[in-house]
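To keep things clear, I will list the structure first and then write my remarks on it.
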Amino acid sequence: IEKSSEAIDTVVDVSGAVGVMVESKVAGSLRSAKWNMSAAIGVLAAIIAMGLVTLWVIKNKVINPMVYLNKTMAEIAKTGDLTLHIEGKSQDESGQMASTFNGMMHKFNDIIQDIHASVAQLASSSEELSASATQIASGSQSQDSKAAQVSTASQEMSATLIEVAR
């Protein structure tokens, strides 16, 4: 029994030594694995943060200006108000597009004003032409009447000359 106890104690001691040796090797690997996992989580968090910042920038610099431009163009199409403008404060492509759009709307407004002025001038000229035509028509009637009088007078003179000649 004593020998069995010693054998068991030896097996327990060897088992404990093996356990300590395995634990020291596993503990190092476990620490390394935990550090790798923490680093991976940190990198993943940084990637997610960069993705969110990128989405925010795209939304504010690209999507919002396009939505604003679309709404303004729809408002112009709905109301026909060519005096509407887009507020473009930035110097990027969106600001340049807003500036170009405002220039285009200014040109459209100038064209409409020129057409309006031309129509007013055309109406005035048309009234003058109508008055002139009325005056010419009146003058033609007067000439027609006088020509009829001259014709009548000529016939009377002709008749008188014929009588005198007889």
Side-chain angles (χ1 to χ4, degrees), residues 1-140:
I1 294 202
E2 208 171 287
K3 283 188 180 186
S4 296
S5 273
E6 280 181 28
I8 290 177
D9 286 340
T10 304
V11 169
V12 169
D13 288 341
V14 169
S15 176
V18 169
V20 168
M21 189 168 74
V22 168
E23 187 177 312
S24 69
K25 288 185 179 185
V26 169
S29 295
L30 185 60
R31 278 192 304 275
S32 177
K34 284 181 181 179
W35 189 88
N36 287 342
M37 190 166 91
S38 297
I41 288 172
V43 168
L44 181 62
I47 290 172
I48 289 172
M50 287 177 21
L52 291 174
V53 167
T54 301
L55 286 174
W56 181 81
V57 168
I58 289 172
K59 180 180 179 265
N60 287 328
K61 294 292 183 178
V62 176
I63 294 173
N64 286 349
M66 291 298 128
V67 168
Y68 179 61
L69 176 64
N70 186 32
K71 284 182 182 179
T72 303
M73 290 171 68
E75 183 70 20
I76 291 169
K78 182 179 175 184
T79 63
D81 184 4
L82 297 179
T83 62
L84 291 177
H85 291 285
I86 296 176
E87 305 243 350
K89 299 171 187 165
S90 65
Q91 297 300 320
D92 60 2
E93 290 81 4
S94 297
Q96 291 171 355
M97 187 169 47
S99 177
T100 302
F101 179 81
N102 289 339
M104 180 181 70
M105 294 309 296
H106 182 70
K107 292 269 187 195
F108 285 165
N109 200 14
D110 287 348
I111 290 170
I112 296 298
Q113 288 178 355
D114 289 347
I115 289 172
H116 184 30
S118 296
V119 166
Q121 185 178 7
L122 182 63
S124 174
S125 297
S126 176
E127 287 176 12
E128 289 176 13
L129 186 60
S130 176
S132 295
T134 302
Q135 209 173 25
I136 290 171
S138 174
S140 293

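All heavy atoms count here, side chains included; hydrogens, waters and symmetry mates do not. Just so you know, residue 1 is the first one in the sequence shown, and it goes up from there.
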Atom pairs and distances, side-chain donor-acceptor, residues 37-54, under 3.5 Å, sequence neighbours left out:
{"from": "Ser38", "atom 1": "OG", "to": "Lys34", "atom 2": "O", "distance (Å)": "3.0"}
{"from": "Thr54", "atom 1": "OG1", "to": "Met50", "atom 2": "O", "distance (Å)": "2.8"}

In a table with atom names and distances, give each donor-acceptor pair under 3.5 Å that connects a side chain of residues 106-117 to protein atoms at least two apart or in another chain.
{"from": "His106", "atom 1": "NE2", "to": "Asp110", "atom 2": "OD2", "distance (Å)": "3.4"}

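- Residue-environment remark: CE (Met73) stays at or below the threshold of 12 foreign heavy atoms within 6.0 Å.
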May I have the list of side-chain donor-acceptor pairs in residues 122-137 shorter than 3.5 Å, sequence neighbours left out?
{"from": "Ser125", "atom 1": "OG", "to": "Gln121", "atom 2": "O", "distance (Å)": "3.1"}
{"from": "Ser132", "atom 1": "OG", "to": "Glu128", "atom 2": "O", "distance (Å)": "3.1"}
{"from": "Thr134", "atom 1": "OG1", "to": "Ser130", "atom 2": "O", "distance (Å)": "2.9"}

Could you list the donor-acceptor pairs under 3.5 angstrom formed by side chains in residues 92-99, with sequence neighbours left out?
{"from": "Asp92", "atom 1": "OD1", "to": "Ser90", "atom 2": "OG", "distance (Å)": "2.5"}
{"from": "Asp92", "atom 1": "OD1", "to": "Ser94", "atom 2": "N", "distance (Å)": "3.3"}
{"from": "Asp92", "atom 1": "OD1", "to": "Gly95", "atom 2": "N", "distance (Å)": "3.1"}
{"from": "Ser94", "atom 1": "OG", "to": "Lys61", "atom 2": "O", "distance (Å)": "3.1"}

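- With sequence neighbours excluded, the residues that form a side chain to side chain donor-acceptor pair (under 3.5 Å) with Thr83 are Asp81.
- Expressed to the nearest 0.5 Å, how far CG of Asn102 lies from CD of Glu87 amounts to 8.5 Å.
- Contacts classified as side-chain hydrogen bond (donor to acceptor under 3.5 Å, both in side chains) and involving residues 62-80 (residues at least two apart or in different chains) are given here: Asn60-Asn64.
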